[in-house]
Amino acid sequence: MEKPLCILDGVKKQYEKQGVVLGPASFEVREGEILGLRGANGAGKSTLLKIIAGIIKPDSGKCSRQSECRNAVGYVPQEIALYESLTGQANLEFWGEVYGLPRTVIKRRSRWLLEQTELTSKSKTIVSSYSGGMRRRLHLATALMITPKLLLLDEPTVGADVHSADLILSLLIHLKRLGCTVVWVTHQTGELEKISDRILTVENGCVTREEMCR
């Protein structure tokens with residue numbers, strides 16, 4: 001059995017207006033797997049991703065990550081965060097600089113990601129002219145500039161055309177083969193079952209079911 005890359009133990013989160021939005025939740029993310037999170041809107045899935053990413057802290061319980069992924073976590077929120085006045089290439093270069101990558105690595109990594117997302121021919125095009133699917137692909141690529149050990153995605157295919165959605169799913173499988181662990185959320189019918197190794201159902205902030213898919 002794969003070793004745990006991340007362990008959540010009794011994690012709970014609440015907000016003043018919303019009350020308890022998560023927990024207590026306990027599960028582990030296993031190295032080298034694609035883990036899907038299933039649940040209705042407001043079930044707590046996005047909060048779980050943010051806690052695993054270290055963006056927010058739980059009010060109680062513990063989320064611990066193995067040392068090899070503490071500085072190698074990629075997070076892709078549902079809201080697209082791109083500079084529309086810049087080209088696709090410039091967006092990747094910007095994030096490479098934010099991550100503190102050497103210039104040679106930025107050039108090599110951005111070139112590879114543009115190829116993987118089939119955006120090479122659009123690399124010099126302003127993002128404001130991109131289709132929704134192209135933006136989704138570039139949005140994912142920005143998070144991959146750091147070569148993450150753990151990749152967290154919140155609705156990575158929402159609003160994307162069929163080709164873009166299929167391309168994103170294929171890329172996630174490829175990343176798994178390269179040693180990346182993936183935790184993701186989607187409401188698109190059939191997507192979780194298509195590529196996930198396990199699926200956890202989240203209801204009212206708690207993990208209520210585990211399904212093995214592989």
Side-chain angles (χ1 to χ4, degrees), residues 34-39 41-42 45-50 52-56 72-101 105-178 180-196:
I34 297 179
L35 176 63
L37 300 180
R38 188 203 308 277
N41 288 333
K45 305 181 303 299
S46 296
T47 301
L48 268 176
L49 289 182
K50 290 177 181 178
I52 296 172
I55 296 172
I56 60 176
V73 178
Y75 173 66
V76 183
Q78 182 176 341
E79 300 77 18
I80 294 179
L82 297 171
Y83 289 96
E84 300 217 344
S85 62
L86 299 179
T87 65
Q89 175 75 40
N91 267 273
L92 293 181
E93 291 178 353
F94 169 80
W95 284 107
E97 291 172 0
V98 169
Y99 295 137
L101 300 177
V105 174
I106 290 175
K107 287 186 176 181
R108 181 174 67 251
R109 188 70 178 169
S110 61
R111 183 168 56 249
W112 183 79
L113 287 168
L114 288 167
E115 291 172 355
Q116 295 299 311
T117 54
E118 296 185 2
L119 291 173
T120 301
S121 63
K122 297 290 185 178
S123 63
K124 304 300 182 184
T125 302
I126 300 297
V127 169
S128 59
S129 67
Y130 278 23
S131 68
M134 291 167 61
R135 293 183 191 200
R136 282 290 167 194
R137 285 182 262 158
L138 183 64
H139 185 47
L140 171 58
T142 59
L144 297 176
M145 286 295 290
I146 60 168
T147 315
K149 179 72 174 177
L150 175 61
L151 179 63
L152 310 167
L153 307 105
D154 197 348
E155 298 280 0
T157 63
V158 65
D161 57 275
V162 173
H163 173 70
S164 292
D166 287 344
L167 187 62
I168 289 170
L169 298 189
S170 296
L171 181 54
L172 296 183
I173 293 173
H174 183 54
L175 291 169
K176 174 189 171 181
R177 291 173 181 150
L178 295 176
C180 181
T181 298
V182 177
V183 183
W184 73 308
V185 171
T186 180
H187 286 105
Q188 307 303 310
T189 303
E191 282 192 346
L192 284 177
E193 293 82 359
K194 189 177 291 186
I195 70 168
S196 299

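The structure displayed is predicted, hence computed values, not measured ones.
Side chain of R109 to backbone of I146: no donor-acceptor contact under 3.5 angstrom is found. Although no hydrogens or angles enter the test, the distance criterion places a donor-acceptor pair under 3.5 Å between the side chain of H187 and the main chain of G39. The main-chain N or O of P77 is found under 3.5 Å from a side-chain atom of H139 such that the two form a donor-acceptor pair. Counting only distance, with no hydrogens or angles, the side chain of Y75 and the backbone of G54 share no donor-acceptor pair below 3.5 Å.
Nearest heavy atoms, I106 versus L101: CD1-O, 3.5 Å. Among all heavy-atom pairs drawn from D161 and G133, the shortest one is OD1-CA, 3.5 Å. For A165 against A160, the heavy-atom pair with the smallest separation is N-CB, 4.2 Å. Taking each heavy atom of E191 and T186 in turn, the nearest pair found is OE1-OG1, 2.8 Å. Nearest approach of V127 to Y83, heavy atoms of both residues: CB-O, 3.9 Å. Pairing each heavy atom of V76 with each of A143, the nearest pair is CG2-CB, 3.4 Å.
Legend: residues meeting side chain to side chain donor-acceptor pair (under 3.5 Å) with R137, ordered by chain and number and at least two apart, are S164. Legend: residues meeting side chain to side chain donor-acceptor pair (under 3.5 Å) with K176, ordered by chain and number and at least two apart, are D197.
Proximity of L48 to V183: side-chain heavy atoms (C-beta onward) are nowhere separated by under 4.5 Å. In this structure the side chain of L178 never reaches within 4.5 angstrom of the side chain of T147, judged on heavy atoms. L153 has its side chain out of reach of I168: every pair of non-hydrogen atoms, C-beta onward, lies at least 4.5 Å apart. Using a 4.5 Å heavy-atom threshold, the side chains of I34 and S196 count as touching. Side-chain atoms of T125 and T87, non-hydrogen and from C-beta on, never get closer than 4.5 Å to each other.
The distance from atom CZ of R136 to atom OG1 of T117, rounded to the nearest 0.5 Å, is 14.5 Å. Interatomic distance, OG of S123 versus CG of N91, reported as 12.0 Å (0.5 Å rounding). Distance check, rounded to the nearest 0.5 Å: CG of L35 to CD1 of I52 gives 7.5 Å. Taken to the nearest 0.5 Å, the CE atom of M145 stands 11.5 Å off from the CH2 atom of W95. Within the model, atoms OG1 of T181 and NZ of K149 stand 6.0 Å from one another, a figure rounded to the nearest 0.5 Å. Here Q78 contributes atom CD and K45 contributes atom NZ; the two are 9.5 Å apart, rounded to the nearest 0.5 Å.
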- Message: Run L92 and T142 through side-chain contact (heavy atoms from CB on, under 4.5 Å) and show every step you take.
- Response: CA-CA 5 Å; L92 293 181; T142 59; 3.9 Å; yes
- Message: Before you tell me yes or no, could you show the steps for L138 and I80 under side-chain contact (heavy atoms from CB on, under 4.5 Å), namely the whole-Å CA-CA distance, both residues' side-chain angles and the distance that decides it to 0.1 Å?
- Response: CA-CA 9 Å; L138 183 64; I80 294 179; over 6 Å; no
- Go through the steps for I195 and W184 under the test side-chain contact (heavy atoms from CB on, under 4.5 Å), then give the verdict. CA-CA 11 Å; I195 70 168; W184 73 308; 3.5 Å; yes
- Apply side chain to side chain donor-acceptor pair (under 3.5 Å) to Q188 and T157, showing your working. CA-CA 8 Å; Q188 307 303 310; T157 63; 4.9 Å; no
- Task: Please assess R38 against E193 for the test salt bridge (Lys or Arg N to Asp or Glu O under 4.0 Å), listing each intermediate value before the final yes or no.
- Result: CA-CA 10 Å; R38 188 203 308 277; E193 293 82 359; 3.0 Å; yes
- Message: Set out, in order, the CA-CA distance, both residues' side-chain angles and the distance that settles side-chain contact (heavy atoms from CB on, under 4.5 Å) for K194 and D166, then state yes or no.
- Response: CA-CA 10 Å; K194 189 177 291 186; D166 287 344; 4.0 Å; yes
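For the side chain to side chain contact (heavy atoms under 4.5 Å, CB included) test with K50, the passing option among I55, L152, D154 is I55; the others fail.
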